Amino acid sequence: MELKLSQHIRDYRREKHLTQEQLAEALGVTVGAVYKWESGRSTPEISLLMEMADLFEVSVDALLGYQYRSRDRAKLVALLKDLKHVRTLDTLEEADRALRKYPNDFEIVYHAATLYHLRGIEQNDEALTRRCLPLFEKALALIDQNQDPEISDLSILSDIASVQYELGNIEKSIALLKAHNPCDIHAALLGDILSREEGQGEESISYLSVALLDCTANQIIITNGYLNLFVRRQQWQQGLDILDWVLSSLPALKKPGVPNFLQKSEATFLVVKAVCHLNLEQPEAAADALRRARETALEFDASPSYLAENIRFVACKERASGHDSMGSTALAAVEKLVGEFDLEALHTLWEEICHEEEN
């Protein structure tokens, strides 16, 4: 194993904006003792290590900088991850074995908690679900050891809130999610939980609205990303398939007779759909897509609105609006995109469609 105690004492002290003198006073030791600890010339007693860990708000393992080199531990972590996909109770025996061997290892504790949570849900077993709660809380206390960017204190708090809800502790679950909701990261979960409670309908809709807007924005970004790849790779059918997904979703969010800013994205996606059809030698389908792109753009431009309230299902507590970098009008965005494609058939088809409409 490798210890980095001296370095960590110094780093955590500075993180807390403490001088060596202030740390010495807080622990009831001499400044010389702190100096020796930080220079690696001596090591604090166990009781002082525990006191320091409390003062720095970290685990003793984190303070020590204890790093396991055991291949057995790495195998256990990999095993616990794999067991998430096995729906049998004997997986919990492996979790318990790993916890007995490494009770203060973040990865072991976290993945064991996840296993208990999954088995509790699958078996509808409250005892198993209840067992995962202290494990998640312990994982939260050991979060300084975490090296996985996909796991954070927020994701663990979300797990704890879900467990509290499953155990019937509704108020605790809601309070926890509301207290840790930066950038409305828990809006969807809050909306879902509140929707099940009497008298919480309006608040539920507010959270669900925020989540729906965020989900739709992400859908547009995801589609753009896939299209960039598919167009570059000339995977035209793949492009059509991803476009079918987004072009079935965006129109479903339109209120009858009420334009909304999602139509700008819809219109540009229809242009890319025309490009895919042309490359697949489907000119009639391409023409249909371009006509729809022009019609959609003109409908929005006739009464442009960027207010989120014009999107179906959305009812936010505070006024919200959308923003984009596609230009001042939807038609301008469509024409710009048509011009960006080095495809003569597209340009010709667009001119024909515009001429048809003008006549």
Side-chain angles (χ1 to χ4, degrees), residues 211-306 308 310-314 322-359:
L212 177 62
L213 290 171
D214 187 53
C215 176
T216 304
N218 281 329
Q219 184 184 26
I220 291 170
I221 294 169
I222 290 166
T223 303
N224 278 327
Y226 273 115
L227 288 174
N228 288 336
L229 292 174
F230 294 152
V231 169
R232 187 179 301 116
R233 296 173 179 175
Q234 298 186 5
Q235 296 174 318
W236 308 114
Q237 186 57 54
Q238 292 274 68
L240 288 177
D241 292 342
I242 198 73
L243 283 164
D244 284 343
W245 173 57
V246 73
L247 289 172
S248 65
S249 299
L250 298 184
L253 296 176
K254 186 177 182 300
K255 295 179 179 179
V258 182
N260 68 58
F261 60 88
L262 297 178
Q263 289 178 280
K264 290 181 75 174
S265 293
E266 182 183 349
T268 55
F269 282 139
L270 285 165
V271 172
V272 184
K273 186 173 185 180
V275 171
C276 293
H277 280 305
L278 284 172
N279 280 283
L280 290 171
E281 299 183 358
Q282 299 167 344
E284 291 184 4
D288 179 64
L290 275 185
R291 287 192 186 94
R292 287 171 56 199
R294 190 171 190 276
E295 291 168 2
T296 301
L298 290 173
E299 181 184 0
F300 174 77
D301 290 343
S303 183
S305 173
Y306 289 85
N310 286 347
I311 296 174
R312 191 182 178 198
F313 306 120
V314 171
H323 304 273
D324 62 59
S325 58
M326 291 187 284
S328 57
T329 68
L331 188 60
V334 167
E335 290 176 334
K336 182 174 183 292
L337 185 57
V338 169
E340 287 177 353
F341 280 99
D342 185 18
L343 187 59
E344 185 176 348
L346 179 69
H347 303 160
T348 301
L349 192 55
W350 176 250
E351 290 176 3
E352 291 175 357
I353 289 170
C354 291
H355 184 68
E356 286 174 6
E357 297 294 330
E358 290 170 359
N359 294 331

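Quantities reported herein were computed from a predicted structural model and do not represent experimental measurements.
- For Ala267, the side chain to side chain contact (heavy atoms under 4.5 Å, CB included) partners are Thr296, Ala297, Val334, not counting sequence neighbours.
- Tyr226 OH: 12 or fewer foreign heavy atoms inside a 6.0 Å radius.
- The CG atom of Asn260 sits 9.0 Å away from the NZ atom of Lys255 when rounded to the nearest 0.5 Å.
- The backbone N or O of Leu331 lies less than 3.5 Å from a partner atom in the side chain of Asp301, making a donor-acceptor pair.
- For Asp342, the CG atom sits in a loose shell: 12 or fewer heavy atoms of surrounding residues, nucleotides or ligands are nearer than 6.0 Å.
- Between the OG1 atom in Thr348 and the CD atom in Glu352 there is a gap of 6.5 Å [rounded to 0.5 Å].
- Atom CG in Leu262 sits 5.5 Å away from atom CG in Leu250 (nearest 0.5 Å).
- For the atom pair CG (Leu247) and OG1 (Thr223), the distance works out to 8.0 Å, reported to the nearest 0.5 Å.
- The minimum heavy-atom distance between Pro251 and Ser248, with the atom names listed, is CD-C, 4.0 Å.
- By the neighbour-count criterion of 12 heavy atoms within 6.0 Å, atom CD of Glu344 is sparsely surrounded, having that number or fewer from other residues, nucleotides or ligands.
- Considering only heavy atoms from C-beta on, Leu337 comes within 4.5 Å of Val272 through its side chain.
- Counting only heavy atoms from C-beta outward, the side chains of Leu213 and Ile311 approach each other to under 4.5 Å.
- No donor-acceptor pair under 3.5 Å is formed between the side chain of His277 and the backbone N or O of Leu240.
- Taking each heavy atom of Val271 and Ala293 in turn, the nearest pair found is CG2-CB, 4.1 Å.
- Side-chain contact between Asn279 and Leu343: present, with at least one pair of heavy atoms (C-beta onward) separated by less than 4.5 Å.
- Lys273 contributes atom NZ, which lies 13.0 Å from atom CD1 of Ile242 (distance to the nearest 0.5 angstrom).
- Take Tyr306 and apply the ring-ring contact (aromatic ring centres under 6.0 Å, His included) test, not counting sequence neighbours, and it matches Phe300.
- Within 6.0 Å of NZ on Lys336 lie no more than 12 heavy atoms contributed by other residues, nucleotides or ligands.
- Contact of the Arg294 side chain with the Leu270 side chain is not registered, since no non-hydrogen atoms from C-beta on lie closer than 4.5 Å.
- Checked against side chain to side chain contact (heavy atoms under 4.5 Å, CB included), Ala332 has the following partners two or more places apart in sequence or in another chain: Thr329.
- Taking CD of Glu340 as the reference point, atom CD of Glu335 lies at 12.5 Å (rounded to 0.5 Å).
- Here the closest heavy-atom approach between residue Ala287 and residue Ile353 is recorded as O-CD1, 3.6 Å.
- For the pair Trp236/Gln234, a side-chain contact is recorded, criterion being any heavy-atom separation below 4.5 Å from C-beta on.
- The nearest pair of heavy atoms linking Leu278 to Pro283 is CD2-CA, 4.2 Å.
- Just one of Glu299, Glu295, Lys254 meets the side chain to side chain donor-acceptor pair (under 3.5 Å) condition when paired with Gln263; it is Glu299.
- Closest of all the heavy-atom pairs between Leu346 and Phe341 is CD2-CB, 3.7 Å.
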